[in-house]
Protein chains: 2
Amino acid sequence: MDVVSALKKLKDNGYKHTDKREDMLTLFSEEKRYLSAKEVLENLQDEYPGLSFDTIYRNLSLFEELEILEVTELNGEKRFRFSCETNHHHHHLICLQCGKTKHIDVCPMEDITLKASDFNVTGHKFEVYGYCSACQ
Amino acid sequence: MDVVSALKKLKDNGYKHTDKREDMLTLFSEEKRYLSAKEVLENLQDEYPGLSFDTIYRNLSLFEELEILEVTELNGEKRFRFSCETNHHHHHLICLQCGKTKHIDVCPMEDITLKASDFNVTGHKFEVYGYCSACQ
DNA sequence: ACATTAAATCGTAATCATTCTTAATAAAAA
DNA sequence: TTTTTATTAAGAATGATTACGATTTAATGT
(Lines give C-alpha, C1' and ligand atoms only; values in the text may rest on other atoms or scores of the structure.)
Protein backbone atom coordinates (compact mmCIF):
# COMPACT_ATOMS: atom_id res chain seq x y z
CA MET A 1 0.00 0.00 0.00
CA ASP A 2 1.21 3.51 -0.83
CA VAL A 3 -0.29 6.99 -0.69
CA VAL A 4 -1.11 7.18 -4.39
CA SER A 5 -3.05 3.94 -4.53
CA ALA A 6 -4.75 4.71 -1.24
CA LEU A 7 -5.97 8.02 -2.65
CA LYS A 8 -7.11 6.22 -5.79
CA LYS A 9 -9.02 3.73 -3.66
CA LEU A 10 -10.74 6.58 -1.86
CA LYS A 11 -11.76 8.21 -5.12
CA ASP A 12 -12.88 4.93 -6.69
CA ASN A 13 -15.17 4.37 -3.74
CA GLY A 14 -16.75 7.81 -3.96
CA TYR A 15 -14.91 9.47 -1.10
CA LYS A 16 -13.49 12.93 -1.39
CA HIS A 17 -9.87 13.97 -1.48
CA THR A 18 -8.96 16.22 1.45
CA ASP A 19 -5.62 17.56 2.62
CA LYS A 20 -6.11 15.95 6.02
CA ARG A 21 -6.72 12.53 4.53
CA GLU A 22 -3.66 12.85 2.33
CA ASP A 23 -1.52 13.95 5.26
CA MET A 24 -2.75 11.07 7.39
CA LEU A 25 -1.87 8.64 4.61
CA THR A 26 1.53 10.26 4.15
CA LEU A 27 2.21 9.88 7.84
CA PHE A 28 1.44 6.16 7.72
CA SER A 29 3.56 5.71 4.62
CA GLU A 30 6.52 7.37 6.31
CA GLU A 31 6.14 5.59 9.63
CA LYS A 32 5.72 1.97 8.69
CA ARG A 33 4.57 1.02 12.17
CA TYR A 34 1.50 0.89 14.40
CA LEU A 35 0.27 4.32 15.48
CA SER A 36 -2.50 5.18 17.92
CA ALA A 37 -5.20 7.73 17.11
CA LYS A 38 -3.54 10.09 19.55
CA GLU A 39 -0.17 9.80 17.82
CA VAL A 40 -1.80 10.57 14.49
CA LEU A 41 -3.55 13.61 15.93
CA GLU A 42 -0.36 14.94 17.49
CA ASN A 43 1.48 14.56 14.20
CA LEU A 44 -1.05 16.61 12.25
CA GLN A 45 -1.91 19.20 14.89
CA ASP A 46 0.98 21.52 13.94
CA GLU A 47 -0.37 21.76 10.42
CA TYR A 48 -4.05 21.84 11.43
CA PRO A 49 -4.44 23.66 14.75
CA GLY A 50 -8.14 22.94 15.33
CA LEU A 51 -7.97 19.32 14.17
CA SER A 52 -10.55 17.20 15.91
CA PHE A 53 -10.36 13.67 17.24
CA ASP A 54 -13.54 12.93 15.38
CA THR A 55 -11.83 13.53 12.07
CA ILE A 56 -8.97 11.24 12.99
CA TYR A 57 -11.21 8.41 14.17
CA ARG A 58 -13.65 8.73 11.29
CA ASN A 59 -10.87 8.56 8.75
CA LEU A 60 -9.03 5.76 10.52
CA SER A 61 -12.22 3.68 10.42
CA LEU A 62 -12.75 4.53 6.79
CA PHE A 63 -9.19 3.55 5.90
CA GLU A 64 -9.64 0.32 7.80
CA GLU A 65 -12.86 -0.42 5.94
CA LEU A 66 -11.13 0.15 2.61
CA GLU A 67 -8.24 -2.04 3.79
CA ILE A 68 -5.81 0.82 3.47
CA LEU A 69 -4.88 0.37 7.12
CA GLU A 70 -4.80 -2.69 9.33
CA VAL A 71 -5.63 -2.50 13.00
CA THR A 72 -4.59 -4.22 16.20
CA GLU A 73 -5.57 -3.69 19.81
CA LEU A 74 -3.00 -3.34 22.58
CA ASN A 75 -3.64 -2.31 26.18
CA GLY A 76 -7.17 -1.23 25.42
CA GLU A 77 -6.05 1.00 22.59
CA LYS A 78 -6.46 0.61 18.86
CA ARG A 79 -3.36 0.96 16.74
CA PHE A 80 -3.19 1.30 12.98
CA ARG A 81 -0.56 0.70 10.35
CA PHE A 82 -0.33 0.88 6.58
CA SER A 83 -1.49 -2.38 5.08
CA CYS A 84 1.42 -4.49 3.94
CA GLU A 85 2.05 -4.39 0.24
CA THR A 86 2.32 -8.17 0.01
CA ASN A 87 -0.83 -10.18 -0.66
CA HIS A 88 0.84 -13.06 1.09
CA HIS A 89 -0.94 -13.90 4.35
CA HIS A 90 1.36 -13.21 7.29
CA HIS A 91 1.66 -12.00 10.86
CA HIS A 92 3.83 -9.55 12.79
CA LEU A 93 6.37 -9.06 15.47
CA ILE A 94 5.31 -5.83 17.19
CA CYS A 95 7.59 -3.61 19.24
CA LEU A 96 5.79 -2.69 22.47
CA GLN A 97 7.74 0.57 22.64
CA CYS A 98 7.53 2.14 19.22
CA GLY A 99 5.03 -0.03 17.33
CA LYS A 100 7.57 -1.05 14.69
CA THR A 101 6.83 -4.39 13.02
CA LYS A 102 8.52 -7.30 11.30
CA HIS A 103 6.92 -10.00 9.21
CA ILE A 104 6.40 -13.53 10.41
CA ASP A 105 5.92 -15.80 7.45
CA VAL A 106 4.73 -18.96 9.15
CA CYS A 107 1.02 -19.10 9.84
CA PRO A 108 -0.24 -21.30 12.63
CA MET A 109 -3.72 -21.54 11.14
CA GLU A 110 -3.16 -24.19 8.51
CA ASP A 111 -4.20 -27.23 10.55
CA ILE A 112 -6.36 -25.60 13.19
CA THR A 113 -9.42 -24.95 11.08
CA LEU A 114 -9.69 -28.59 10.12
CA LYS A 115 -9.19 -29.91 13.62
CA ALA A 116 -11.87 -27.60 14.99
CA SER A 117 -14.65 -29.17 12.99
CA ASP A 118 -17.43 -28.42 15.50
CA PHE A 119 -16.25 -24.84 15.86
CA ASN A 120 -17.02 -22.36 13.12
CA VAL A 121 -13.75 -20.47 12.78
CA THR A 122 -14.17 -16.92 11.48
CA GLY A 123 -10.88 -15.28 12.35
CA HIS A 124 -7.67 -15.45 14.31
CA LYS A 125 -4.93 -13.39 15.82
CA PHE A 126 -1.29 -14.28 16.03
CA GLU A 127 0.95 -11.53 17.29
CA VAL A 128 4.34 -11.64 18.91
CA TYR A 129 5.29 -8.81 21.22
CA GLY A 130 8.65 -7.53 22.34
CA TYR A 131 11.22 -4.85 21.67
CA CYS A 132 12.88 -4.09 18.38
CA SER A 133 16.64 -3.64 18.12
CA ALA A 134 16.36 0.16 18.38
CA CYS A 135 14.25 0.03 21.54
CA GLN A 136 16.09 -2.63 23.50
CA MET B 1 -7.48 -24.19 38.85
CA ASP B 2 -10.41 -24.70 41.21
CA VAL B 3 -12.11 -22.65 43.92
CA VAL B 4 -10.38 -24.38 46.83
CA SER B 5 -6.85 -23.88 45.54
CA ALA B 6 -7.67 -20.35 44.45
CA LEU B 7 -8.81 -19.53 47.99
CA LYS B 8 -5.67 -21.14 49.34
CA LYS B 9 -3.57 -19.03 47.01
CA LEU B 10 -5.29 -15.89 48.27
CA LYS B 11 -4.64 -16.85 51.87
CA ASP B 12 -1.04 -17.84 51.21
CA ASN B 13 -0.41 -14.42 49.72
CA GLY B 14 -1.90 -12.57 52.67
CA TYR B 15 -5.24 -11.67 51.15
CA LYS B 16 -8.47 -12.04 53.05
CA HIS B 17 -11.27 -14.46 52.45
CA THR B 18 -14.53 -12.69 51.64
CA ASP B 19 -17.89 -14.02 50.50
CA LYS B 20 -17.72 -11.89 47.38
CA ARG B 21 -14.34 -13.26 46.38
CA GLU B 22 -15.50 -16.81 46.93
CA ASP B 23 -18.65 -16.20 44.90
CA MET B 24 -16.65 -14.66 42.07
CA LEU B 25 -14.39 -17.69 42.03
CA THR B 26 -17.35 -20.06 42.15
CA LEU B 27 -18.87 -18.28 39.18
CA PHE B 28 -15.70 -18.73 37.14
CA SER B 29 -15.44 -22.38 38.14
CA GLU B 30 -19.00 -23.03 37.00
CA GLU B 31 -18.75 -21.08 33.76
CA LYS B 32 -15.54 -22.27 32.22
CA ARG B 33 -15.50 -19.47 29.69
CA TYR B 34 -14.45 -15.84 29.24
CA LEU B 35 -16.62 -13.39 31.19
CA SER B 36 -16.57 -9.60 31.14
CA ALA B 37 -16.51 -7.53 34.32
CA LYS B 38 -20.10 -6.57 33.60
CA GLU B 39 -21.20 -10.20 33.36
CA VAL B 40 -19.53 -10.94 36.67
CA LEU B 41 -21.26 -7.98 38.30
CA GLU B 42 -24.67 -8.98 36.96
CA ASN B 43 -24.22 -12.50 38.24
CA LEU B 44 -23.48 -11.40 41.80
CA GLN B 45 -25.85 -8.45 42.02
CA ASP B 46 -28.83 -10.55 43.10
CA GLU B 47 -26.91 -11.77 46.11
CA TYR B 48 -25.20 -8.43 46.83
CA PRO B 49 -27.53 -5.56 45.92
CA GLY B 50 -25.06 -2.70 46.44
CA LEU B 51 -22.11 -4.45 44.81
CA SER B 52 -19.71 -1.97 43.25
CA PHE B 53 -17.77 -2.14 40.01
CA ASP B 54 -14.71 -1.22 41.98
CA THR B 55 -14.90 -4.45 43.91
CA ILE B 56 -15.27 -6.50 40.73
CA TYR B 57 -12.39 -4.85 38.94
CA ARG B 58 -10.10 -4.84 41.94
CA ASN B 59 -10.64 -8.53 42.50
CA LEU B 60 -10.37 -9.43 38.84
CA SER B 61 -6.98 -7.71 38.72
CA LEU B 62 -5.91 -9.44 41.90
CA PHE B 63 -6.95 -12.82 40.56
CA GLU B 64 -5.08 -12.11 37.35
CA GLU B 65 -1.97 -11.14 39.31
CA LEU B 66 -2.12 -14.39 41.27
CA GLU B 67 -2.67 -16.30 38.01
CA ILE B 68 -6.03 -17.54 39.19
CA LEU B 69 -7.61 -16.00 36.11
CA GLU B 70 -6.29 -15.43 32.63
CA VAL B 71 -7.33 -12.43 30.58
CA THR B 72 -7.90 -11.57 26.96
CA GLU B 73 -9.07 -8.43 25.25
CA LEU B 74 -11.85 -8.42 22.69
CA ASN B 75 -13.58 -5.39 21.16
CA GLY B 76 -12.01 -3.05 23.68
CA GLU B 77 -13.24 -5.11 26.60
CA LYS B 78 -11.29 -7.29 28.99
CA ARG B 79 -12.56 -10.80 29.50
CA PHE B 80 -11.48 -13.23 32.18
CA ARG B 81 -11.60 -16.99 32.57
CA PHE B 82 -10.43 -19.51 35.13
CA SER B 83 -6.85 -20.47 34.46
CA CYS B 84 -6.60 -23.84 32.79
CA GLU B 85 -5.66 -26.67 35.12
CA THR B 86 -3.03 -28.00 32.74
CA ASN B 87 0.50 -26.66 33.03
CA HIS B 88 0.96 -27.49 29.39
CA HIS B 89 1.39 -24.33 27.32
CA HIS B 90 -1.54 -23.93 24.95
CA HIS B 91 -3.93 -21.53 23.23
CA HIS B 92 -7.67 -21.22 22.72
CA LEU B 93 -10.52 -21.23 20.29
CA ILE B 94 -12.87 -18.54 21.63
CA CYS B 95 -16.58 -18.30 20.85
CA LEU B 96 -17.39 -14.71 19.93
CA GLN B 97 -20.95 -15.15 21.19
CA CYS B 98 -20.66 -16.81 24.59
CA GLY B 99 -16.94 -16.77 25.39
CA LYS B 100 -16.71 -20.58 25.57
CA THR B 101 -13.24 -21.94 24.78
CA LYS B 102 -11.51 -25.03 23.44
CA HIS B 103 -7.84 -25.89 23.69
CA ILE B 104 -5.44 -25.66 20.81
CA ASP B 105 -2.42 -27.78 21.50
CA VAL B 106 -0.09 -26.64 18.75
CA CYS B 107 1.93 -23.56 19.57
CA PRO B 108 3.24 -21.42 16.74
CA MET B 109 5.99 -19.94 18.88
CA GLU B 110 8.56 -22.69 18.73
CA ASP B 111 10.62 -21.40 15.77
CA ILE B 112 9.72 -17.74 15.88
CA THR B 113 11.83 -16.72 18.84
CA LEU B 114 14.96 -18.08 17.25
CA LYS B 115 14.33 -16.52 13.86
CA ALA B 116 13.72 -13.12 15.43
CA SER B 117 17.21 -12.82 16.80
CA ASP B 118 17.38 -9.00 16.66
CA PHE B 119 13.96 -8.69 18.25
CA ASN B 120 13.63 -9.27 21.98
CA VAL B 121 10.46 -11.36 22.20
CA THR B 122 8.63 -10.99 25.52
CA GLY B 123 5.20 -12.41 24.78
CA HIS B 124 2.73 -13.49 22.16
CA LYS B 125 -0.93 -13.97 21.46
CA PHE B 126 -2.48 -16.68 19.38
CA GLU B 127 -6.25 -16.79 19.51
CA VAL B 128 -8.74 -18.24 17.09
CA TYR B 129 -12.21 -16.70 17.01
CA GLY B 130 -15.51 -18.09 15.83
CA TYR B 131 -18.71 -19.69 17.07
CA CYS B 132 -18.99 -22.83 19.17
CA SER B 133 -21.43 -25.59 18.24
CA ALA B 134 -24.10 -24.25 20.62
CA CYS B 135 -23.94 -20.73 19.19
CA GLN B 136 -23.83 -21.45 15.47
C1' DA C 1 -15.48 -13.26 73.12
C1' DC C 2 -13.52 -8.44 72.30
C1' DA C 3 -10.59 -4.87 70.70
C1' DT C 4 -7.27 -3.70 67.34
C1' DT C 5 -5.48 -3.25 62.84
C1' DA C 6 -5.16 -3.58 58.16
C1' DA C 7 -7.60 -4.94 54.16
C1' DA C 8 -11.88 -4.79 51.57
C1' DT C 9 -15.87 -2.49 50.17
C1' DC C 10 -19.24 1.17 48.84
C1' DG C 11 -20.62 5.06 46.42
C1' DT C 12 -19.32 8.09 43.50
C1' DA C 13 -16.32 10.93 40.84
C1' DA C 14 -12.62 10.89 37.52
C1' DT C 15 -10.26 9.22 33.50
C1' DC C 16 -9.33 7.51 28.96
C1' DA C 17 -10.43 6.00 24.45
C1' DT C 18 -13.94 6.26 21.34
C1' DT C 19 -18.44 7.62 19.23
C1' DC C 20 -22.22 10.73 18.38
C1' DT C 21 -24.63 15.17 17.24
C1' DT C 22 -25.40 19.44 15.14
C1' DA C 23 -24.10 23.20 12.66
C1' DA C 24 -20.64 25.07 9.69
C1' DT C 25 -17.41 24.30 5.83
C1' DA C 26 -15.35 22.55 1.71
C1' DA C 27 -14.98 19.40 -2.36
C1' DA C 28 -17.03 17.64 -6.48
C1' DA C 29 -20.69 17.85 -9.97
C1' DA C 30 -23.92 20.33 -12.75
C1' DT D 1 -20.97 29.69 -10.08
C1' DT D 2 -24.46 27.34 -7.91
C1' DT D 3 -25.99 23.18 -5.98
C1' DT D 4 -25.38 18.96 -3.77
C1' DT D 5 -23.29 16.10 -0.71
C1' DA D 6 -19.45 14.72 2.02
C1' DT D 7 -16.41 16.32 5.50
C1' DT D 8 -15.20 18.71 9.47
C1' DA D 9 -15.09 21.20 14.21
C1' DA D 10 -16.49 21.53 18.70
C1' DG D 11 -18.03 19.63 22.28
C1' DA D 12 -21.23 16.47 24.54
C1' DA D 13 -22.14 11.57 25.35
C1' DT D 14 -20.82 6.89 26.04
C1' DG D 15 -18.70 2.73 27.90
C1' DA D 16 -15.05 0.51 30.16
C1' DT D 17 -11.98 1.08 33.73
C1' DT D 18 -9.60 3.29 37.68
C1' DA D 19 -9.17 6.32 41.70
C1' DC D 20 -10.68 8.28 46.20
C1' DG D 21 -12.48 9.14 50.91
C1' DA D 22 -15.33 7.19 54.20
C1' DT D 23 -17.16 3.09 56.12
C1' DT D 24 -17.28 -1.76 57.04
C1' DT D 25 -15.41 -6.25 57.73
C1' DA D 26 -12.02 -10.12 58.27
C1' DA D 27 -8.08 -11.79 60.61
C1' DT D 28 -5.04 -11.54 64.66
C1' DG D 29 -3.71 -11.09 69.46
C1' DT D 30 -5.29 -10.55 74.06
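Side chains are part of it too, since the values below use all heavy atoms of this structure and drop only hydrogens, waters and symmetry mates. Just so we're on the same page: letters track the sequence lines, and every chain starts at 1.
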Report summary line: Nt span of DNA chain D in reach of chain B heavy atoms at under 4.0 Å, 5' end first, is D:dA16 to D:dA27
Query raised in the report: Base, sugar-phosphate, or nothing for B:Arg21, non-hydrogen atoms under 4.0 angstrom?
Result: sugar-phosphate
Query - Residues A:Lys9 and A:Glu65 bridged, charged N to O under 4.0 Å - result: no
Query raised in the report: Salt bridge or not for B:Glu39 and B:Arg33, using N-O below 4.0 Å?
Result: yes
Report task. Determine whether A:Leu7 and A:Leu60 fall in the same hydrophobic cluster, where Ile, Leu, Val, Met, Phe, Trp and Tyr are linked whenever their side-chain heavy atoms lie under 4.5 Å apart. Result -> yes
If I take atom [atom1] in residue [X] and atom [atom2] in nucleotide [N], what distance separates them, rounded to the nearest angstrom?
X       : N     : atom1 : atom2 : answer
B:Glu65 : C:dA8 : CD    : C1'   : 15 Å
B:Asp23 : C:dT9 : CG    : P     : 11 Å
B:Met24 : C:dA8 : CE    : C1'   : 13 Å

Query raised in the report: Just by distance, do the side chain of A:Ser29 and the backbone of A:Asp2 share a donor-acceptor pair under 3.5 Å?
Result: no
Query raised in the report: Would you call B:Leu25 and B:Phe63 a side-chain contact if the rule is heavy atoms closer than 4.5 Å?
Result: yes
Query raised in the report: Hey, does A:Phe126 have a side-chain heavy atom less than 4.5 Å from the side chain of A:Val128?
Result: yes
Requested in this report: Kindly determine whether A:His92 and A:Ile104 satisfy side-chain contact (heavy atoms from CB on, under 4.5 Å), including the steps that lead there.
Outcome: CA-CA 5 Å; A:His92 284 135; A:Ile104 300 168; 5.6 Å; no
Report summary line: Heavy-atom contacts, protein to nucleotides 17-30 of chain C, under 4.0 Å, summarised as B (base), S (sugar-phosphate only) or - (none) per nt, yield SBBBB-----BS--
Query raised in the report: Is the shortest side-chain N/O distance from B:Thr55 to OP1 or OP2 of C:dA8 below 4.0 Å?
Result: no
Report summary line: From the list B:Cys95, B:Ser133, B:Cys135, side-chain contact (heavy atoms from CB on, under 4.5 Å) with A:Phe119 holds only for B:Cys95
